[in-house]
Amino acid sequence: MFALSRITLKPITHKDCSALWGILSDPLVAQYNDYCVPITRNEVKQLIQDDISGMYEGRSLRFALYLINTSTLIGCIGLYDIEQESAWLGFELSPEYWGNGFMSEALAFMLTNMKTVTGLLNNDNLNIMNLHAKVALENSQSQQLLRRFKFTHIESKHWMYTF
């Protein structure tokens with residue numbers, strides 16, 4: 001668990017299923033995701049199980065974003081397809097919290113503390129040098145977020161950050 005100034009990042013658990021389903025089911029979020037639409041609670045439950053298994057296997061890590069000192073889940077940020085020197089970034093945020101800097105806070109923490117974050121995977125061989133992201137062409141807010149953090153637009157939906 002990582003307590004930041006306004007949010008807490010906690011590894012995703014099954015107790016997050018209902019709140020995450022609510023976020024992923026929101027049409028404003030769903031339009032930019034690559035999950036099947038509509039997504040069912042069982043599919044979100046399986047997604048979380050895959051994340052938990054992936055964490056133990058060292059291939060993924062998803063954090064639930066909670067408002068500090070509350071039980072309000074507002075989104076997620078995480079890494080997937082983790083390899084020795086690269087990983088993919090994924091994130092979702094409830095539209096109710098868009099434009100308030102919560103994802104900026106989470107992403108800034110991830111980028112400046114990548115060794116600490118990936119240390120949760122118990123794989124000393126990880127040395128993430130490139131962080132990739134896939135962002136829908138229409139998702140200007142997420143593109144703006146990545147630009148702010150010096151990600152480079154590679155092509156189409158592909159962005160990359162080099163440490």
Is a donor on one side and an acceptor on the other found under 3.5 Å between the side chain of [X] and the backbone of [Y]?
{"X": "T40", "Y": "E43", "result": "yes"}
{"X": "W159", "Y": "L146", "result": "no"}
{"X": "W21", "Y": "I39", "result": "yes"}
{"X": "T152", "Y": "I154", "result": "no"}

For residues [X] and [Y], report the shortest heavy-atom separation together with the two atoms involved.
{"X": "P11", "Y": "M55", "value": "CB-SD, 4.2 Å"}
{"X": "L131", "Y": "F163", "value": "CB-CE1, 4.0 Å"}
{"X": "I68", "Y": "S5", "value": "CG2-O, 4.2 Å"}
{"X": "I48", "Y": "C17", "value": "CD1-CA, 3.6 Å"}
{"X": "F149", "Y": "S104", "value": "CZ-O, 3.4 Å"}
{"X": "A106", "Y": "L9", "value": "CB-CD1, 4.4 Å"}

Notebook entry, point to check: Can you name the residues that form a side-chain hydrogen bond (donor to acceptor under 3.5 Å, both in side chains) with R147, not counting sequence neighbours?
Noted result: none
Checklist line | Counterpart residues, side-chain hydrogen bond (donor to acceptor under 3.5 Å, both in side chains), relative to D50 (two or more places apart) | finding: Q46
Flag side-chain contact, heavy atom, 4.5 Å: [X] against [Y]:
{"X": "F91", "Y": "M110", "answer": "no"}
{"X": "L107", "Y": "L89", "answer": "yes"}
{"X": "W98", "Y": "L93", "answer": "yes"}
{"X": "L65", "Y": "K10", "answer": "no"}
{"X": "D26", "Y": "S94", "answer": "no"}
{"X": "L111", "Y": "F151", "answer": "yes"}
{"X": "I74", "Y": "T72", "answer": "yes"}
{"X": "V117", "Y": "F109", "answer": "yes"}

Quick check on the hydrophobic clustering: are [X] and [Y] connected, directly or via other members, by side-chain heavy-atom contacts under 4.5 Å?
{"X": "L28", "Y": "F102", "answer": "yes"}
{"X": "L121", "Y": "I128", "answer": "yes"}
{"X": "L79", "Y": "W88", "answer": "no"}
{"X": "I52", "Y": "L20", "answer": "yes"}

Checklist line | Under the salt bridge (Lys or Arg N to Asp or Glu O under 4.0 Å) test, residues paired with D34 that sit two or more places apart | finding: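 K134.
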Next item on the list: Using the test salt bridge (Lys or Arg N to Asp or Glu O under 4.0 Å), find all partners of R6 that sit at least two apart in sequence or belong to another chain.
Entry: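 Expected list: E105.
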Margin query: I'd like to know if the side chain of T116 pairs up with that of N113 as donor and acceptor (distance under 3.5 Å, no hydrogens or angles considered).
Written below: no
Note to self: Please list all pairs meeting salt bridge (Lys or Arg N to Asp or Glu O under 4.0 Å) that have one or both residues in residues 81-94, counting only residues at least two apart or in different chains.
What the structure shows: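 Those involving residues 81-94 are R62-E92.
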Next item on the list: Take L47 and L24 through the test side-chain contact (heavy atoms from CB on, under 4.5 Å) and record every step on the way to the result.
Entry: CA-CA 11 Å; L47 177 77; L24 296 178; 3.9 Å; yes
Note to self: Give me each pair satisfying ring pair (Phe, Tyr, Trp, His ring centres under 6.0 Å) with a member in residues 42-63, each pair once, sequence neighbours excluded.
What the structure shows: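 Listed by first then second residue: F2-F63.
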Next item on the list: Identify the residue among N139, L137, V135 that makes a side chain to side chain contact (heavy atoms under 4.5 Å, CB included) with K157.
Entry: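 Only one option passes, and that is L137.
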Next item on the list: Assess whether side-chain contact (heavy atoms from CB on, under 4.5 Å) is satisfied between M103 and I77, documenting all intermediate values.
Entry: CA-CA 8 Å; M103 195 55 70; I77 190 168; 4.0 Å; yes
Check: After noting the C-alpha distance and the side-chain angles of Y32 and Q141, does the key distance pass the side-chain contact (heavy atoms from CB on, under 4.5 Å) rule?
Finding: CA-CA 11 Å; Y32 300 126; Q141 287 181 296; 6.0 Å; no
Notebook entry, point to check: Atom OG in S25, atom CZ in R41: separation rounded to 0.5 Å?
Noted result: 8.0 Å
Note to self: Checking N123 against T118 for the side-chain contact (heavy atoms from CB on, under 4.5 Å) test, could you report, in this order, the C-alpha distance in whole Å, the side-chain angles of both residues, the deciding distance, and whether it holds?
What the structure shows: CA-CA 8 Å; N123 182 346; T118 57; over 6 Å; no
